[in-house]
Amino acid sequence: MSNWQKVFSDGSPVRAEIVKSVLEENEIAAVVLNKKDSVYQIHGQYEVMVPKNEFLKALNIVKYEISF
C-alpha cells in the first residue's frame with residue numbers, strides 16, 4: 001500500500017463505499033480499508049485509498065462533488 005494514499009476517512013462503511021463508487025465512476029482506482037477495532041467497533045474508521053498519482057484528482061472529486 002506504499003503507492004496508495006488516503007483520500008477519505010469516515011466511521012460509516014456506507015459513506016466510504018459511496019466515495020469509492022464515485023471515484024471508480026471517474027476512472028480512479030479506489031479501495032476501502034476497514035480500520036475499525038475488531039473488539040470495540042466504536043473505535044476506528046473506514047479509509048478510502050487511491051493511487052498516489054491520482055490523489056489530487058480524487059481529492060477534488062471528494063471535496064467538490066460528494067456531499068453527505
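For reference, positions follow the sequence shown, starting with 1. Side-chain atoms are counted along with the backbone in the values below, which use heavy atoms only and exclude waters and symmetry mates.
The distance from the CZ atom of F8 to the CD1 atom of I61 is 14.0 Å, given to the nearest 0.5 Å. Rounding to the nearest 0.5 Å gives a distance of 11.0 Å between CG of D10 and CD of E47. Here the CE-NZ distance, from M49 to K20, works out to 13.5 Å after rounding to the nearest 0.5 Å. Separation of atoms CG (N26) and OG (S21) is listed at 11.0 Å; rounding is to 0.5 Å.
Scanning both residues, Q45 and S9, for their nearest heavy atoms gives CB-OG, 3.3 Å. Here the closest heavy-atom approach between residue P51 and residue A29 is recorded as CD-O, 3.2 Å. Of all heavy-atom pairs spanning V50 and F55, the tightest one is CG2-CA, 3.9 Å.
Between the side chain of K52 and the main chain of S2, a donor-acceptor pair closer than 3.5 Å is present.
Contact annotation: the side chain of Y46 never approaches that of L33 to less than 4.5 Å [non-hydrogen atoms, C-beta and beyond]. Looking only at side-chain heavy atoms (C-beta outward), K6 and V48 stay at 4.5 Å or farther from each other.
By the rule that hydrophobic residues join a cluster once side-chain heavy atoms approach within less than 4.5 Å of another member, I28 and Y64 end up as members of separate clusters.
Annotation: salt bridge (Lys or Arg N to Asp or Glu O under 4.0 Å) contacts of E54 (sequence neighbours excluded): none.
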